[in-house]
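The structure's right below; bear with me while I get my questions together.
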Amino acid sequence: MFYRRLALIGLLTAVGFTSVAHATDYKFAVGCPYRSFTVLWSTGSVDPGQEWLRVATGTKHPGCGVANFNARSHGSLKVEARYSHEGGVIEGIPLVGAIVCGLFGC
């Protein structure tokens, strides 16, 4: 168990100290039954991709619809959530992500 934690901390540290020179921002429109808002993801040099981040957004906001941001139709929505991909990717993994983030914080 100790070595697993050590490996995970090493992985997160390596990802955390990577260069952000090739950072990409992704925006998603989230529509919940009682409100709508925009989620902004900032990636580092390791980009998990738009599809992965869309799924992670849906996992973070259960019961809500998630769509690609369109400035014409979603431009008036306020950005209510900002995430970086390091913790968000881990947290977006169903069941396991919540446990890992609970232990190490994301």
Side-chain angles (χ1 to χ4, degrees):
M1 185 70 167
F2 172 75
Y3 293 109
R4 288 182 188 170
R5 285 185 183 177
L6 187 61
L8 181 61
I9 291 171
L11 174 66
L12 292 177
T13 302
V15 170
F17 288 117
T18 58
S19 171
V20 293
H22 303 290
T24 303
D25 291 341
Y26 294 102
K27 277 186 169 180
F28 299 104
V30 179
C32 297
Y34 300 104
R35 66 187 179 118
S36 296
F37 56 95
T38 302
V39 170
L40 175 67
W41 284 90
S42 296
T43 65
S45 59
V46 179
D47 188 349
Q50 186 175 22
E51 292 297 320
W52 176 265
L53 295 175
R54 185 182 8 245
V55 171
T57 301
T59 303
K60 286 176 166 285
H61 303 282
C64 300
V66 179
N68 288 337
F69 182 82
N70 181 339
R72 190 176 279 175
S73 58
H74 306 121
S76 63
L77 296 178
K78 182 180 170 186
V79 176
E80 289 191 13
R82 299 177 193 274
Y83 303 113
S84 64
H85 81 288
E86 291 89 1
V89 169
I90 294 170
E91 191 174 8
I93 301 170
L95 300 174
V96 176
I99 295 168
V100 171
C101 287
L103 292 173
F104 299 106
C106 289

Query raised in the report: Taking all atoms of both residues into account, what is the closest heavy-atom pair of Phe37 and Leu77, and its distance?
Result: O-CD1, 4.0 Å
Query - Point-to-point distance, once rounded to the nearest 0.5 Å, from CZ of Phe28 to CG of Asn68 - result: 6.0 Å
**Report entry** From CH2 (Trp52) to OH (Tyr26), nearest 0.5 Å
**Finding:** 14.0 Å
Query raised in the report: Hey, are the side chains of Trp41 and Thr57 touching, using non-hydrogen atoms and a 4.5 Å cut-off?
Result: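 Yes, close enough: below the 4.5 Å cut-off.
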Query raised in the report: Where the side chain of Thr24 meets the backbone of Thr43, is there a donor-acceptor pair that is under 3.5 Å apart?
Result: no
Query raised in the report: Roughly how far apart are Gln50 CD and Lys27 NZ, rounded to 0.5 Å?
Result: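 Between atom CD of Gln50 and atom NZ of Lys27 there are 13.0 Å.
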Query raised in the report: Shortest non-hydrogen contact from Ser36 to Gly31?
Result: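 Heavy atoms of Ser36 and Gly31 come nearest at OG-CA, 3.8 Å.
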Query raised in the report: Is there a chain of hydrophobic side chains (I, L, V, M, F, W, Y, each step under 4.5 Å between heavy atoms) that links Val66 to Val39?
Result: yes
**Report entry** CZ on Arg35 to NZ on Lys78, rounded to 0.5 Å
**Finding:** 10.0 Å
